[in-house]
Amino acid sequence: MYNVKVLPFSPIRENTYVLYNALKEAIIIDPGCYGREEEEELRQFIENEGLIPKLLLNTHCHLDHVFGMKFVAGNWNLIPHIHRLEKAVLDYAPVAGLMWNLPFDLYTGELNYLEDGDITGLETDPLNVFFTPGHSPGSISFYDPSGGFLVSGDVLFRGSVGRTDLPGGNLQTLSKSIVEKIYTLPEETIVYSGHGEPTTVGRERTTNPYVKG
Ligand SMILES: [Zn+2]
Ligand SMILES: [Zn+2]
């Protein structure tokens, strides 16, 4: 069973998630801490809880989700796990950072690749990897069937969906991902999004104005 901690970071207010089990082993998802102060905030949380970060996962590699990738990978000696189609998105992130006036140091080390159907997560609590493109070409979501939650990145939000006007985005693809991969989950499944408050599969399937179930 995971405890789920959300830390909204950067001016973009991206949700960085820390999932941790009873053994205090932790997964960091979408490290968006921007600058020293936010890096410290993440480090403090990990240390205060006595956590041991074991895994670094990314739903996708838009700039707001990778601001802290270099810090987290370096500080806890972790290799980021992304979908192969996000490599180009990651490489472009510093360019996007300049456009947004949010320059940052890109992580340039080794990467591990995940794809649809893979099992990741901690040994005690496996996570299913779903390929859910449309917001970004290599977006993936992480599903914990026993905990009953999904980390969706920017695919699905409470009352909204991810934008599809960025490079590699496509609304039809996004709708298909949501309808086939997310709306088919049990309705009480909690959805932890890349921005904003959590929601549930049931709530979005019946009330989401952008993608109908
Ligand atoms: Zn995004
Ligand atoms: Zn985002």
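One-based numbering, in listed order, for ligands and for the atoms of each. For the single chain, residues carry numbers from 1 onward in sequence order.
- In summary, D64 places an N/O/S atom under 2.8 Å from the Zn ion (ligand 2), meeting the contact criterion.
- Using a cut-off of 2.8 Å, one finds that H62 contributes no N/O/S atom close to the Zn ion (ligand 2).
- Residue contacts to the Zn ion (ligand 1): D154 brings an N, O or S atom closer than 2.8 Å.
- Y34 and F9 have their aromatic ring centers separated by at least 6.0 angstrom.
- Residues Y113 and H81 place their aromatic rings such that the two centres sit no closer than 6.0 Å.
- Under 2.8 Å from the Zn ion (ligand 2) lies no N/O/S atom of H60, from backbone or side chain alike.
- Checked against the 6.0 Å centroid criterion, the rings of F149 and Y192 qualify as a close aromatic pair.
- With sequence neighbours excluded, the residues forming a ring pair (Phe, Tyr, Trp, His ring centres under 6.0 Å) with Y143 are F130, listed by chain and number.
- When all heavy atoms of K70 and L106 are compared, the pair lying nearest together is CD-O, 3.8 Å.
- Annotation: angle subtended at the Zn ion (ligand 2) by H65 NE2 and H195 NE2 is 120°, to 10°.
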